[in-house]
Every structure is written in structure tokens, then in C-alpha cells.
Amino acid sequence: MRERSLRPLFFFFLLVPALLAAGGPVDRDAFINAFVQKADLVRSLDANIEAAQAEVDRAIWQYFPRIKVTFGMAPFPRYEYEPETIGWKRSYHLGDLGVALRAYGEVTLPIYTFGKIEYAREAAEKGVAVKEAEKKIAVLDLRKQAASFYYSHVMASDMLNMVDLSIEKIVEAEEKLEQWLYDGKEGVSQNDLIKLRIEKERLLFSKDRVLASQATLKALFDRVLGPGYALKDEFMFKVDFPFSREMLESHLIERSSYRSLIVNGLGALESLYRFEKSNFFPNLGAMGNYRIDYTSSVDDRGYPLPSSPYNGYGGEAGVGLEFNLNILEQVAKMRKARSEWKAKEYQASFMIEATLLDLRRKYDELRALDSQVEHLRKAHKMAKGWMTAEFLNYESGMLSTRDLIDAVKAFVEQEYALVNAMYEYNMKVEDLLTTAGFER
């Protein structure tokens with residue numbers, strides 16, 4: 001009894017993942033996120049960040065000892081030390097050849113470097129921050145591009161619905177006009193039918209053009225979302241924009257990825273300059289070396305010292321200073337690093353002012369587009385009312401083919417103008433948010 005009562009709950013938990021996977025209609029943000037995730041550019045930028053992080057690790061590893069080991073092996077003739085002659089007896093016969101093995105190792109451990117390692121590490125860490133900011137800025141551009149595709153898709157759907165509606169009305173008027181011609185209605189001529197059919201052909205061409213654009217966009221959406229998707233928006237809309245110009249400027253200067261890029265980029269150049277400046281000072285470190293020599297064909301039993309040049313070992317260790325005596329070269333490196341730092345500092349100041357001016361220009365353009373959309377809404381409403389009235393007049397027998405065609409053309413033109421204005425408004429919003437560095 002208990003097992004049977006648990007069975008519906010078991011099937012419910014099996015069904016939940018399928019329901020979640022099915023999801024609902026795809027909205028703008030969902031498409032943009034999917035587009036960014038599919039972009040190989042993001043993975044390329046991630047690789048750049050990893051490369052910059054490797055530079056940080058390389059700078060930190062300078063705190064650890066540097067070990068260098070050399071090993072060699074080669075044939076060697078027979079040597080025998082003779083104490084009587086205080087010299088070596090040599091034999092170069094092939095049968096007397098042996099093997100000489102040599103091993104040599106050096107160890108250097110920095111103790112105090114006058115800030116060289118610290119400055120190198122700071123420059124590398126700020127370089128990582130620069131690469132991270134570059135990634136965020138690139139993602140902002142990708143999101144703007146994805147938004148353009150989404151709005152274009154919605155605009156194509158909206159235009160297709162509008163053209164279909166106009167063609168449907170034209171076909172209805174064409175059928176009624178054909179019937180009137182057949183019935184011999186007074187005031188109806190063949191020219192009226194020709195004018196109506198010309199306008200229908202124009203609308204059909206417009207529909208074919210919209211379908212071609214829609215097919216291209218559908219291929220992109222299928223690639224990003226997979227087949228079988230459904231968009232949440234079928235008609236063009238105007239997005240909300242609650243930001244003032246002061247809010248955009250404040251975010252750009254204080255919290256955006258552009259600020260991080262500039263601050264960390266200048267910081268990295270400053271650290272590199274200080275690194276070159278610290279190279280005028282010596283390095284204090286502990287150093288040591290050790291060697292091992294073995295030669296199978298050397299007999300040095302009579303050698304007066306414990307270690308001969310061919311069979312022996314030895315080494316030394318101590319603390320010392322390492323100097324760079326090429327002062328003139330180091331002066332040139334320091335001057336170059338300082339000039340590059342200052343040049344970027346002036347360039348960054350100019351870029352900030354130019355970007356603020358560009359932000360203000362785009363904000364004013366957005367306000368103009370907002371006004372344009374509102375005026376076009378009114379014009380569109382009047383054009384739609386005009387077209388509806390002309391079709392009602394036409395159906396009631398108040399013939400004016402020219403007025404009907406003009407009304408349809410005005411409706412199509414105003415519909416296109418309104419949809420296009422909303423598209424331009426939305427893209428100007430995306431452009432503004434991207435320029436201000438808003439991450440969404």
C-alpha cells in the first residue's frame with residue numbers, strides 16, 4: 001500500500017527535469033546570454049586572462065631559488081698519474097678509452113632585490129585586471145550585437161504581419177472590384193483594378209524581402225538556440241530606459257570596465273617604470289655551486305690532492321651582491337618605461353573626455369528618437385484609421401481607388417517608420433549602455 005502511494009511522487013520527480021528543460025518562449029536576455037556563451041571570442045579572452053595570470057605566477061616564482069644543473073658525458077683517453085714525474089701518463093689507444101661524466105649545479109636564492117620582484121608582480125597582477133576588463137568590454141559589444149539580431153528578428157516578424165494584413169485587405173478589395181466590373185457597376189473601370197494589382201505586387205515584393213531577411217536571421221537563431229525555439233516578442237516594442245545622463249556619466253567614470261581598464265593599465269605601466277628604476281640597485285642573494293667529476297679511464301691514485309680534475313667533487317656557497325654595470329642601457333630602459341607610462345596617461349585623459357562627449361551626444365540622440373517614436377505613434381494611428389475608413393467606404397460602394405491605394409501606402413510607410421524608429425531607439429539604448437559600461 002505504501003509503495004503504491006509513493007509511485008505518483010516518483011513520476012512527478014521524473015517529470016520535473018523534462019518540464020524545466022522544455023522552458024518557455026525565449027526573450028531578449030535569454031537569447032543574448034546564449035549568443036555570448038556560444039561565442040568563441042569569449043573563450044579566446046579567457047585564454048588571454050590565463051596567460052596574464054601565468055605572468056603573475058612567473059613573477060612570484062622569482063622568490064624561489066633558481067637551480068641550474070648541467071650534465072655531460074663523452075669518451076676520454078686513459079690517464080695515469082705518476083708521482084715520480086709529477087705528471088700524467090696518457091694513452092690514446094682505442095682499447096684504453098673510457099667514459100667521462102660531468103655534473104655541475106648552481107643555486108641562487110634572492111634575499112633582497114630593492115623591490116624588483118614586487119614591482120614585477122604588481123605589473124603582472126594589474127595586467128590580469130586589464131585582460132579581465134577587456135573581456136567585459138568585449139562581452140558588452142557582443143551583447144549589443146546580439147540585441148541587434150533579436151530586435152531585427154522581432155522587426156521582421158512585425159513587418160511580415162503588417163504586410164500580410166495589407167495584402168489581405170488589398171485582395172478583399174480586388175475581389176470586390178472584380179465583382180463590380182462583372183456586374184457592370186457604374187464608375188468602375190479596368191484601370192482601377194490595374195492600380196490595385198500594382199500596389200498588391202509591390203506589397204508582395206516587400207513581403208519577399210522581409211521573408212529573405214527573416215530566413216537569414218532564423219538560421220542564426222537556430223544555430224544559437226537550436227531548432228524549435230519560440231520568441232517571446234512578436235511585435236516591435238520600445239525598451240524602458242530609466243537612466244539619466246548624470247547616472248551614465250557617473251557609472252562610466254567610477255564603476256565601469258573602462259575605468260578598470262584605464263586604472264590598471266596605467267598602474268601596470270607605472271609598476272614597470274618602477275621596476276626599471278629599481279634595476280639600478282644590486283641584488284643581494286645567497287649563491288652556491290657543486291660539481292661531481294668521474295672518469296672511468298683515469299687512474300689518479302697517486303694524485304697528491306684528495307680531488308683530481310678528473311675524479312672528484314667540490315663546491316662553495318656564500319652571500320653576495322649582483323650588479324648591472326651597463327648603466328647607460330638601464331637609463332635608456334627607465335626613460336622608455338617612464339615615457340610609455342606618461343604617454344598612456346595623457347591618452348587616457350583625452351579618451352575620458354572624448355567618451356564623455358560621445359556619451360552626451362548619444363544621450364541627446366536617444367531623446368530625439370524617443371520624441372520621434374511618440375510622433376510616429378500618432379501618425380501611425382491616423383494612417384491606420386484612414387486605411388480602415390477607406391476600406392469601409394470601398395465596401396459600401398464609395399469608389400476611390402486612388403484614395404484607397406494612398407491610404408494603404410501611408411499605413412505601410414508609417415508602420416515601417418514606427419517599427420524602424422523603435423528599433424533605432426532600442427539600439428541607441430544598447431549603444432548608450434555599452435558606452436557607459438553597464439554590465440547586464
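Treat the numbers as computed from the prediction; the structure is a model and nothing was measured. Just the heavy atoms: all of them, side chains too, but no hydrogens, waters or symmetry mates, feed the values below.
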Problem set entry | Pair Lys169-Glu390, salt bridge (charged side-chain N to carboxylate O under 4.0 Å, His left out): steps then yes or no | CA-CA 11 Å; Lys169 293 295 184 180; Glu390 287 298 332; over 6 Å; no
For this session: For the pair Glu172 and Lys176, evaluate salt bridge (charged side-chain N to carboxylate O under 4.0 Å, His left out) and give the outcome as yes or no after the intermediate values.
Result: CA-CA 6 Å; Glu172 291 178 3; Lys176 185 171 290 292; over 6 Å; no
For this session: Begin from the C-alpha positions of Lys362 and Glu365 and carry the test salt bridge (charged side-chain N to carboxylate O under 4.0 Å, His left out) through to its verdict.
Result: CA-CA 5 Å; Lys362 291 177 179 178; Glu365 290 175 352; over 6 Å; no
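In this structure the side chain of Glu106 never reaches within 4.5 angstrom of the side chain of Arg66, judged on heavy atoms. Put simply, the side chain of Leu211 reaches to within 4.5 Å of the side chain of Gln214, judged on heavy atoms. With a 4.5 Å cut-off on side-chain heavy atoms, Glu201 and Ile198 do not count as touching.
If you look at Tyr425 and Tyr423, their ring centroids are not closer than 6.0 Å. A ring-centre distance under 6.0 Å is found for Phe243 and Phe241.
In this structure, a donor-acceptor pair under 3.5 Å is present between the side chains of Asn283 and Lys116. Donor-acceptor pairing under 3.5 Å is lacking for the side chains of Glu270 and Tyr119. Side-chain contact of Glu430 with Ser148: a donor-acceptor pair under 3.5 Å is absent, judged by distance alone.
Summarising the geometry, atom CD belonging to Glu55 is positioned 16.0 Å from atom NZ belonging to Lys126; distances are rounded to the nearest 0.5 Å.
For Arg338, the salt bridge (Lys or Arg N to Asp or Glu O under 4.0 Å) test picks out no residue, with sequence neighbours left out. Applying the salt bridge (Lys or Arg N to Asp or Glu O under 4.0 Å) rule to Lys195 yields no partners; only residues at least two apart in sequence or on another chain are considered. Listed by chain and number, the residues in a side-chain contact (heavy atoms from CB on, under 4.5 Å) with Lys277 are Tyr273, Met334 (sequence neighbours excluded). Qualifying salt bridge (Lys or Arg N to Asp or Glu O under 4.0 Å) partners for Lys218, counting only residues two or more places apart in sequence or in other chains: Asp222.
Listed by first then second residue, pairs satisfying side chain to side chain donor-acceptor pair (under 3.5 Å) with a partner in residues 127-140 read Asp46-Lys135, not counting sequence neighbours. Applying the salt bridge (Lys or Arg N to Asp or Glu O under 4.0 Å) definition to pairs two or more places apart or across chains, those involving residues 406-424 are Arg402-Asp406.
A salt bridge does not link Arg361 with Asp364: every distance from a Lys NZ or Arg NE/NH1/NH2 to an Asp or Glu carboxylate oxygen is 4.0 Å or more.
The closest donor-acceptor contact from the side chain of Asn264 to the backbone of Ser260 lies under 3.5 Å. In this structure, the side chain of Ser278 engages the main chain of Phe275 through a donor-acceptor pair within 3.5 Å. Formation of a donor-acceptor pair under 3.5 Å by the Asp370 side chain with backbone atoms of Leu366 is not found in this model.
Under the 30°/60° scheme for interplanar angles, the aromatic rings of Phe438 and His251 are found to lie parallel.
More than 12 heavy-atom neighbours from other residues, nucleotides or ligands sit within 6.0 angstrom of NZ on Lys342. Heavy-atom neighbours of Arg335 CZ from other residues, nucleotides or ligands within 6.0 Å: at or below the threshold of 12.
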